[in-house]
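Letters go in sequence order (proteins before strands), and every chain restarts at 1.
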Amino acid sequence: MTLGEQLAQYLASGLVVGGAYALIGLGFVIVYSVTRIINFAQGEFVMLGALGMVTGTGLGLGPLPAFVLVVAAVAALAAALERVAVHPLRRAPALAVLILTIGASIALRGGALVVWGTDPFALAPFSAGPPVALLGALVVRQAFWVVAVAALVFALLWFFFTRTYAGTAVRACAVNPRAARLMGIRVDGMSLLAFALSGALGATAGAVIAPITYATYDMGLMLGLKGFVAAVLGGLVSPPGAIAGGILLGVLEAFAAGLVSSGYKDAVAFVILIALCLVQVAGWLPWRVPVEEG
Amino acid sequence: MSARERWVLLLAVGLAAAVVPWTVRSTYVLSALVFVALNGIAALALSLVMGFAGQVSLGQAAFYAIGAYVSGVLTASYGWNPWVAMAVAVAAGALTAFLVGLPIFRLSGLLLAMATLGFGIILYYVLVNWASVTGGPSGLTGIPPLAIGGVQLDSDRRMAWLAWGALLLVLGLAGNLVDSRVGRALRAIHGSEPAAEAAGVDTARYKLGVFAVAGGVTALAGALYAHYLKFINPSPFGFAFSIELVVMVVLGGVASLWGAVLGAALVVGLVEALRALLPLLTVSHGAAEYEIVVFGLLLMAFMIFLPGGLSALGRRAA
Amino acid sequence: MTAGARLPAPLLEVQGLAKDFGGLAAVRGVDFAVRAGQIKALIGPNGAGKTTIFNLIAGALAPTRGRVLFEGIPLPVRRPHAVAARGIARTFQLVRLFGEMSVLETVLVGCHRRGRAGWAACALRTRAARQDEAELRLRAQTVLALLGLGARADQPAAALPYGEQRLVELGRALAAEPKLLLLDEPGAGLGRDEQARLAAIIRTIRDAGATVLLVDHHMDFVLGLSDEVVVLSYGEKLAEGRPEAVRTDPAVIGAYLGDEAA
């Protein structure tokens, strides 16, 4: 392979993984915007989406019915988590709620371990066939599904945020929760909606990337953390920011793995996170990550 | 607790810690005692950060690892005296915490939690990938045990004495600290940061200070761990251990030093009990699988129903 | 100290102070000075910018324009502890206590800067640290006695009645032995008797050599207590002078009547 082909390959795989990070990051953004909570369990929704697809298709369902069923189920689970655990703590300090969602994350991961065990599962791609050559890179067919589904979700979300009452309300909450409450927006209901949406987004990400990465019970931790970094990169309350952050992170990771060392691939996101913190403290960041006092 | 009550309690537990290892024969129980003490030291350090300065660190395992690896590498690879190596390890833990905290402790709580988490994960990858020094994933062998005046502390029983001695020493010093000018400043930060600032407390400096102290104390536990097991590899120092430490602190009640030790004892006890019990209840998988479910549910239940931890329960009853 | 025959130099000088919150001007170029040994009050209707000025002086907020001089030297910005180190203590509009701390401990935090013991000395409980602690406790107990809270020393501060919580906050500020004391609505929520007691305490503090700047909107309480008054309205200075002069100022009467009519 020439260097040009290699770079094209890194770019392609980075874009695909970045699409998944963007979906996960969007989940963080929506929940944080409405509730000012960092939902640590976000990554577990991804894991449940992936393993749910494995079980769904294993039961003989086609990819599409399985996908719809799994996304709906995970969204319902996320909503249940909000009602049972997060809602009772809505007046607690932010750090207490963070610890709560860490607990939820561990419990979900453990639950998945009990149900699915430790073995990684391979999920059949949505459409069969050999990889496609594209501008010097070989791209697996599932990658097109990832990009297409991500693009569709972004379009739907754009419509939701700008053209529907609920979406506008979510944005109002992001700008100023107190003012939104005074304007008569029911923040309680918004919180439930935000969790359900984030569950659906996470499950979607998990379902589409499972054929590329395998599905295991502990995949959610890393994917969730990277989605979080994507969201922070984009300013934590901006959906377009999270999409850009996710894609940027995916590409940077792919290049770091290819050009530096694959052993440090997973560390890239956290180096970026800490660098972001430094830059914010120094006041160089052109935008502010609006994290409130804990 | 007054200073007098604190010393009486320390003395009583110290006596028990001196006597109990004599009477216990099972190396299994003795090793559990060692781990309660080591985890207790680390949990206590985290409770200083969480309970007294009101900050959450999700990367505390990193400092445990720094203690273990600095002391381990200096003794096994460079032949240093273990005590000197351990002192360097503690200093390295404190210094690393200071340097890590310098930029991030001016951030507010949530971002700080995530930044410490990021640091912990980065350090883990360094341990795995820097094989020429750390031994990589397969680990570092040949770490010598500690010795006092020619007596090697290489049995579980002797190590239990040492670990509990270290725990009680740290408890005594931390108890003094909390009940002093410095400790009041820390508790004031937890209570109301603006009011503490207005009273002249340099809150950023104190938060950084407590983080550095906790880093050093956690590294002490890590160094003891390395000389106890004589072998270290990266896997026990991952993100899961950072979370386990948070669980210990939350179970015990974040603002209670003895609570942190109690939390450590409960977590170690719970893990062992689950390992013993669960195979009787289920046939599908091993017990380790259920462990983390139980931890997760416990953590949630405590945050919802008993955010003050077990020590709040005691206070309510008193 | 260069105490000459001329008028004492102002202890605190506020020069052209302004603060915008996202385009909303809360304070628009206010000037005034506080001379040593005075009780001076900032009064004005809600939203006049009183508390914002306090937060600007105390370093909790950074001004958009202008500056504050203390003893002729500019005060640090956005570093409240550094402002405290210059000899300025404050109370808050809404009481801010420290969780489960006792009354004595809360006041001891106020003594923080008077203490010397560092981390190691405190952990080891050295002789020097114990001596330091004993001195701080004596100081805190003296303050509690002055406020009539001696019997409450070991109770949790947050469990006291509201009026006494305000006194604990005042005690925390006094314990620092400040040159300038900033009191944010000290009389709010207090009964008439409690207000009289508070006024007596504030006069005692002034007579002991401290300077007091306070914010309030109880006209009677403020005008009876202060040596000088600054009247604010919509972030601007409306009038300044002795209480009896301000009381009859037509602009002030207009602002207050306007406020009540609204």
*Within a reach of under 6.0 Å around CZ of C/Arg79, are more than 12 heavy atoms found that belong to other residues, nucleotides or ligands?*
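Not more than 12 within 6.0 Å, no.
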[atom2] on [Y] to [atom1] on [X], rounded to 0.5 Å:
X: B/Arg187; Y: C/Glu100; atom1: CZ; atom2: CD; result: 10.0 Å
X: C/Cys111; Y: B/Arg184; atom1: SG; atom2: CZ; result: 8.0 Å
X: B/Glu197; Y: C/Arg78; atom1: CD; atom2: CZ; result: 9.0 Å

In terms of heavy-atom proximity below 4.5 Å to chain B, should [X] be classed as side chain, backbone, both, or neither?
X: C/Leu136; answer: side chain
X: C/Arg130; answer: neither
X: C/Arg137; answer: side chain
X: C/Glu105; answer: both
X: C/Val83; answer: neither
X: C/Leu182; answer: neither

*Is it the backbone or the side chain of B/Val210 that comes under 4.5 Å from a heavy atom of chain C, or both, or neither?*
both
*chain C heavy atoms under 4.5 Å from B/Leu169: which part of the residue, side chain, backbone, both or neither?*
neither
*Choice from C/Ala84, C/Cys122, C/Ala176 maximising heavy atom contacts with chain B below 4.5 Å*: C/Cys122
*When heavy-atom pairs shorter than 4.5 Å are enumerated against chain B, which of C/Ala121, C/Gly99, C/Gly115 gives the highest number?*
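Answer, by heavy-atom pair count under 4.5 Å with chain B: C/Gly115.
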*asked:* Out of B/Gly191, B/Ala198, B/Ala188, B/Ser180, return the one with the most heavy atom pairs under 4.5 angstrom to chain C.
replied: B/Ala188
*Between B/Asp179 and C/Arg125, is any pair of side-chain heavy atoms under 4.5 Å apart?*
yes
_Is any side-chain heavy atom of B/His190 closer than 4.5 Å to one of C/Met101?_
no
*Establish, yes or no, whether a centroid distance under 6.0 Å links the rings of B/Tyr206 and C/His112.*
yes
*Could you tell me which non-hydrogen atom of B/Asn176 sits nearest to which non-hydrogen atom of C/Leu124, and how far apart they are?*
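Closest pair (atom of B/Asn176, atom of C/Leu124, distance): ND2-C, 4.2 Å.
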*What are the two closest heavy atoms between C/Phe98 and B/Ala195, and how far apart are they?*
CE2-CB, 3.6 Å
*If only atom types and distance count, is the side chain of C/Arg96 paired as donor or acceptor with the main-chain N or O of B/Ser192 below 3.5 Å?*
no
